**Q** 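Here it is, the structure, as structure tokens.
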Amino acid sequence: MKNKRDMIGIFLICVMMISLGLAFDPEKDQRYLPFLIDMAFVTLMFFLMKINRFNLKRQHKTFFFFFASLAEMLWLGWVGVTLNWPFTLGFMGAVCAAWFLINLVYIYLRQRRVVVRWNAAYSAWKSGGSAEEYLKEMEQCEAKIQNDTGIMLVYGGIPLNDYITVHKIYLLKEMGRDWECLELLKSTLPKIKNLEVQKALSVAETEITKKEAGQHG
């Protein structure tokens with residue numbers, strides 16, 4: 001339903017822009033060109049944000065990004081904007097810069113929501129809640145930020161995704177799921193740069209390994 005509303009919104013914007021293009025007279029309405037350029041900028045950002053939210057492969061999103069940018073530039077040329085190299089590079093440069101900043105803000109806000117959700121799950125668990133429910137919430141928090149590679153909030157000197165994973169390791173250990181805990185620990189330990197956390201994880205690995213050896217001995 002949400003995607004349907006998005007498609008209707010995109011369609012209505014396209015109809016409005018085509019109507020403006022048909023009604024615009026380059027000889028009489030030159031004073032409105034700055035407004036049309038601003039409108040093209042805003043609508044292109046809108047299109048990019050909507051496309052980014054669609055469940056598409058990265059290469060398909062790139063194709064649609066290119067198509068939307070090309071369509072906007074052609075529309076500007078249609079209404080009378082001179083599409084020389086300085087204008088084109090300046091316009092697309094501004095779009096790229098704005099898109100980068102918007103993504104930074106969007107990623108930051110999403111990660112803050114993940115932190116709030118995780119803290120709520122942690123408090124519920126400490127108040128006597130189910131460890132299994134806490135683990136599910138933790139895994140859903142991990143899934144929310146798994147694509148935020150290279151841009152991550154830092155807690156205690158550790159990126160948020162690794163910070164959640166460290167807590168997950170100790171939760172699995174507390175739940176007695178030693179094999180899963182040991183597998184996750186071994187894959188996580190090389191990524192941790194904080195020396196204190198490295199030491200604590202190494203101690204936990206030794207404890208679990210000795211426990212596993214004692215059970216099989």
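Nothing here was measured: the structure is a model prediction, and the numbers come from that model.
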**Q** Does L160 belong to the same Ile/Leu/Val/Met/Phe/Trp/Tyr cluster as V116, with side-chain heavy atoms less than 4.5 Å apart forming each link?
**A**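 Looking at the clustering, V116 is in a separate group from L160.
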**Q** Would you check if L36 and V81 make a side-chain contact, meaning some heavy-atom pair closer than 4.5 Å?
**A** no
**Q** So, using side-chain contact (heavy atoms from CB on, under 4.5 Å) as the criterion, who are the partners of V154 when residues are at least two apart?
**A**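 Result, side-chain contact (heavy atoms from CB on, under 4.5 Å) vs V154: none returned.
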**Q** Any salt bridge (charged side-chain N to carboxylate O under 4.0 Å, His left out) pairs touching residues 160-174, not counting sequence neighbours?
**A** E139-K168, E142-K168, D162-K191, K173-E207
**Q** Applying the 4.5 Å side-chain criterion to the ILVMFWY set and letting contacts propagate, would L22 and M16 be lumped into a single cluster?
**A**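 As far as the 4.5 Å side-chain criterion goes, M16 and L22 are connected within one cluster.
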**Q** So do the side chains of C14 and F47 get within less than 4.5 Å of each other, counting heavy atoms only?
**A** yes
**Q** For F67, does the CZ atom have more than 12 heavy-atom neighbours from other residues, nucleotides or ligands under 6.0 Å away?
**A** no
**Q** Check for me, please, whether F35 and M17 land in the same ILVMFWY cluster - side-chain distances under 4.5 Å, paths through other members count.
**A**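 Yes, same cluster.
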**Q** On a heavy-atom basis, which atom in I13 and which in F46 lie closest, and how many Å separate them?
**A**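 Scanning both residues, the minimum pair turns out to be CD1-CE2, 3.3 Å.
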**Q** Not counting sequence neighbours, list each pair that qualifies as a side-chain hydrogen bond (donor to acceptor under 3.5 Å, both in side chains) and has a residue in residues 120-131.
**A**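 As it turns out, there is no side-chain hydrogen bond (donor to acceptor under 3.5 Å, both in side chains) pair with a partner in residues 120-131 once direct neighbours are skipped.
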**Q** Just how far is it from atom CG of L89 to atom SG of C96, taken to the nearest 0.5 Å?
**A**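 So the CG of L89 and the SG of C96 are separated by 10.5 Å.
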**Q** Would you indicate whether the side-chain heavy atoms of S69 and V95 approach each other to under 4.5 Å?
**A**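 Of all side-chain heavy-atom pairs linking S69 with V95, none is under 4.5 Å.
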**Q** Could you note down all residue pairs passing side-chain hydrogen bond (donor to acceptor under 3.5 Å, both in side chains) where residues 102-119 supplies at least one of them, sequence neighbours left out?
**A** R110-D148, Q111-D148, R112-Y155, R117-E137, R117-Q140, W118-Y134
**Q** Rounded to the nearest 0.5 Å, how far does CD1 of I107 lie from CE of M152?
**A**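 If I round to the nearest 0.5 Å, the distance is 8.5 Å.
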**Q** Out of curiosity, L153 CG to N161 CG, how far, rounded to the nearest 0.5 Å?
**A** 10.0 Å
**Q** Using every non-hydrogen atom in the two residues, find where M45 and A98 come nearest and quote the distance to one decimal.
**A**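 Closest heavy-atom pair between M45 and A98: CE-C, 3.9 Å.
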**Q** Can you list every pair that meets salt bridge (charged side-chain N to carboxylate O under 4.0 Å, His left out) and has a residue in residues 84-101, with sequence neighbours left out?
**A**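 Every pair satisfying salt bridge (charged side-chain N to carboxylate O under 4.0 Å, His left out) with a residue in residues 84-101: there are none.
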**Q** If you define the side chain from C-beta out and look only at heavy atoms, does anything of V114 sit under 4.5 Å from I164?
**A**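 V114 reaches I164 side chain to side chain.
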**Q** Checking N84 now: which residues fulfil side-chain contact (heavy atoms from CB on, under 4.5 Å) with it, not counting sequence neighbours?
**A**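 T82, P86, F87.
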**Q** If only atom types and distance count, is the side chain of E205 paired as donor or acceptor with the main-chain N or O of K186 below 3.5 Å?
**A**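 Answer holds: no.
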**Q** Please examine the side chains of L20 and V79, heavy atoms only from C-beta on, and report whether any two atoms are closer than 4.5 Å.
**A** no
**Q** Going hydrophobic residue to hydrophobic residue with side-chain gaps under 4.5 angstrom, can you get from I151 over to W99?
**A** no
**Q** Within this structure, what is the CG-OG1 distance for the pair L189 and T165, rounded to the nearest 0.5 Å?
**A**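 Separation between the atoms: 12.5 Å.
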**Q** Could you walk me through whether L101 and V105 pass side chain to side chain contact (heavy atoms under 4.5 Å, CB included), step by step?
**A** CA-CA 6 Å; L101 292 175; V105 173; 5.6 Å; no
**Q** Count the heavy atoms of every other residue, nucleotide or ligand shown that sit under 6.0 Å from CE of M49, and state whether that count exceeds 12.
**A**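 Result for CE/M49: open.
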**Q** Quick one: does Y170's side chain get under 4.5 Å of L201's, heavy atoms only?
**A** yes
**Q** Between Y163 and I192, is the side chain to side chain contact (heavy atoms under 4.5 Å, CB included) condition met? List the steps.
**A** CA-CA 9 Å; Y163 194 70; I192 302 299; over 6 Å; no
**Q** Got E180 and L184 here, is their nearest side-chain heavy-atom distance under 4.5 Å?
**A** no
**Q** When rounded to the nearest 0.5 angstrom, what is the spacing between CG in L76 and OG1 in T88?
**A**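 One gets 9.0 Å once the value is rounded to the nearest 0.5 Å.
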**Q** How many angstroms lie between atom CH2 of W75 and atom CD1 of I18, to the nearest 0.5 angstrom?
**A**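 Answer rounded to 0.5 Å: 10.5 Å.
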**Q** Could you report the tightest heavy-atom contact between C181 and L172, atom names first, then the distance?
**A**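 So the minimum-distance heavy-atom pair works out to CB-CB, 3.8 Å.
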**Q** Ignoring hydrogens and geometry, is there a side-chain-to-backbone donor-acceptor pair from T188 to L185 under 3.5 Å?
**A**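 The answer is no, because no donor-acceptor pair under 3.5 Å joins these two groups.
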**Q** Linking I/L/V/M/F/W/Y whenever their side-chain heavy atoms sit closer than 4.5 Å, directly or via other members, would I102 and L104 fall into one cluster?
**A**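 Different hydrophobic clusters.
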**Q** For a 4.5 angstrom cut-off between non-hydrogen side-chain atoms, does L83 reach L74?
**A**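 The answer is no, as the side chains (C-beta and beyond) never meet within the 4.5 Å cut-off.
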